Amino acid sequence: QVQLVESGGGLVQPGGSLRLSCAASGNIHSVYAMAWYRQSPGKQRELVATITSGGNTHLANSVQGRFTISRDNAKNTMYLQMNSLKPEDTAVYYCNADIITETTEMYEYWGQGTQVTVSS
């Protein structure tokens, strides 16, 4: 069985920083593309950032220059470094990953989500 566990969410003031982590564990052969999404109440879920197994990244226009996505393949862990946070960044942040299991079966997994609140 495979699961994604997120951590690092919390309350921060505007202009502050926060780092989110997403660790994949279980019967894993390989972790391919990973991504961060976010969703606020009453709003559509938004793609924030993506990263391939080779380290190629993409950031949404709304977070470019402020957020950085990275991963540690040896630990099957992805990170989202968030700087210069704004109240508009307040949302539940979700981890997503494409994973092939030890039986060579490919699945898409989601984390449970972690709350990020930016408020003075």
Side-chain angles (χ1 to χ4, degrees):
Q1 185 175 349
V2 174
Q3 67 174 353
L4 302 179
V5 179
E6 297 151 309
S7 61
L11 175 64
V12 65
Q13 293 185 329
S17 298
L18 212 58
R19 190 176 83 154
L20 306 183
S21 299
C22 172
S25 62
N27 299 323
I28 297 172
H29 179 269
S30 302
V31 179
Y32 288 94
M34 303 184 77
W36 288 101
Y37 289 78
R38 67 185 181 186
Q39 187 170 27
S40 299
K43 298 186 66 176
Q44 187 178 62
R45 182 169 294 188
E46 174 189 19
L47 177 63
V48 177
T50 62
I51 184 166
T52 68
S53 59
N56 294 319
T57 64
H58 177 269
L59 295 170
N61 290 336
S62 59
V63 303
Q64 284 191 17
R66 300 187 298 120
F67 290 11
T68 302
I69 187 172
S70 61
R71 65 192 289 170
D72 184 339
N73 290 334
K75 298 180 179 180
N76 287 331
T77 300
M78 173 180 64
Y79 306 94
L80 185 67
Q81 178 66 47
M82 304 184 293
N83 300 323
S84 302
L85 283 163
K86 305 174 180 179
E88 304 86 80
D89 296 317
T90 296
V92 177
Y93 285 70
Y94 296 93
C95 176
N96 175 271
D98 295 322
I99 297 174
I100 185 167
T101 68
E102 293 177 345
T103 60
T104 72
E105 297 174 302
M106 177 72 79
Y107 298 99
E108 183 180 58
Y109 294 89
W110 288 92
Q112 79 288 347
T114 184
Q115 177 71 49
V116 172
T117 302
V118 184
S119 179
S120 60

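For clarity, every value in this text was computed on a predicted model and none was experimentally measured.
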**Q** Would you check if the side chain of T90 reaches a backbone N or O of V118 as a donor-acceptor pair within less than 3.5 Å?
**A** yes
**Q** State the CG-OG1 distance between L85 and T117, to the nearest 0.5 angstrom.
**A**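 It comes to 11.0 Å.
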**Q** Do you reckon I100 sits in the same ILVMFWY cluster as Y107, going by side-chain contacts under 4.5 Å, direct or chained?
**A**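 Per the 4.5 Å side-chain linkage, I100 and Y107 are not co-clustered.
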**Q** How close do L18 and G10 get, counting heavy atoms only, and between which atoms?
**A**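 That would be CD2-N, 3.9 Å.
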**Q** Could you grab the distance from atom CG of N96 to atom CE of M34, nearest 0.5 Å is fine?
**A** 8.5 Å
**Q** Determine whether V116 and M82 make a side-chain contact, defined as any pair of heavy atoms from C-beta on separated by less than 4.5 Å.
**A** yes
**Q** Could you tell me which non-hydrogen atom of L80 sits nearest to which non-hydrogen atom of A49, and how far apart they are?
**A** CD1-CB, 4.4 Å
**Q** Scan the side chains in residues 20-32 for donor-acceptor partners under 3.5 Å anywhere in the protein, sequence neighbours excluded, and list what turns up.
**A**
none

**Q** Within the distance-only criterion (no hydrogens, no angle test), does the side chain of R71 pair as donor or acceptor with the backbone N or O of A33 below 3.5 angstrom?
**A**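 Side chain of R71 to backbone of A33, a donor-acceptor pair under 3.5 Å: no, none is there.
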**Q** If I compare all heavy atoms of Y109 with all of L4, which pair ends up nearest, and what's the gap?
**A**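 Heavy atoms of Y109 and L4 come nearest at O-CD1, 3.6 Å.
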**Q** Measuring from atom CE of M78 to atom CG of D72, what distance do you get when rounded to the nearest 0.5 angstrom?
**A**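 Taking CE in M78 and CG in D72, the distance rounds to 12.5 Å.
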**Q** Could you tell me if the side chain of E6 sits less than 4.5 Å from the side chain of Y93, heavy atoms only?
**A** no
**Q** Quick one: closest heavy-atom pair of P14 and S120, and the distance?
**A**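 In this case the closest contact between P14 and S120 is CD-N, 3.6 Å.
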**Q** Among T52, I51, T68, find the residue that satisfies the side-chain contact (heavy atoms from CB on, under 4.5 Å) test when tested with T57.
**A** I51
**Q** Hey, mind stepping through V63 and V48 against side-chain contact (heavy atoms from CB on, under 4.5 Å) and telling me if it holds?
**A** CA-CA 7 Å; V63 303; V48 177; 4.1 Å; yes
**Q** Could you walk me through whether E46 and S62 pass the side-chain contact (heavy atoms from CB on, under 4.5 Å) check?
**A** CA-CA 10 Å; E46 174 189 19; S62 59; 3.4 Å; yes
**Q** Is there a side-chain contact (heavy atoms from CB on, under 4.5 Å) between C95 and W36 once you walk through the steps?
**A** CA-CA 5 Å; C95 176; W36 288 101; 4.2 Å; yes
**Q** Is there a continuous path of hydrophobic side-chain contacts, each under 4.5 Å between heavy atoms, that joins V2 to V5?
**A** no
**Q** When rounded to the nearest 0.5 angstrom, what distance separates CG in N73 from NZ in K75?
**A** 12.0 Å
**Q** Heavy atoms only: give me the nearest L59-Q64 pair and the separation to one decimal.
**A**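 Result for this residue pair: O-NE2, 3.1 Å.
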**Q** T103 and T101: side-chain donor and acceptor closer than 3.5 Å?
**A**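 Short answer, yes.
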**Q** Testing the basics here: between R66 and S84, what is the closest heavy-atom pair and its distance to 0.1 Å?
**A**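 Closest pair (atom of R66, atom of S84, distance): NH1-O, 3.0 Å.
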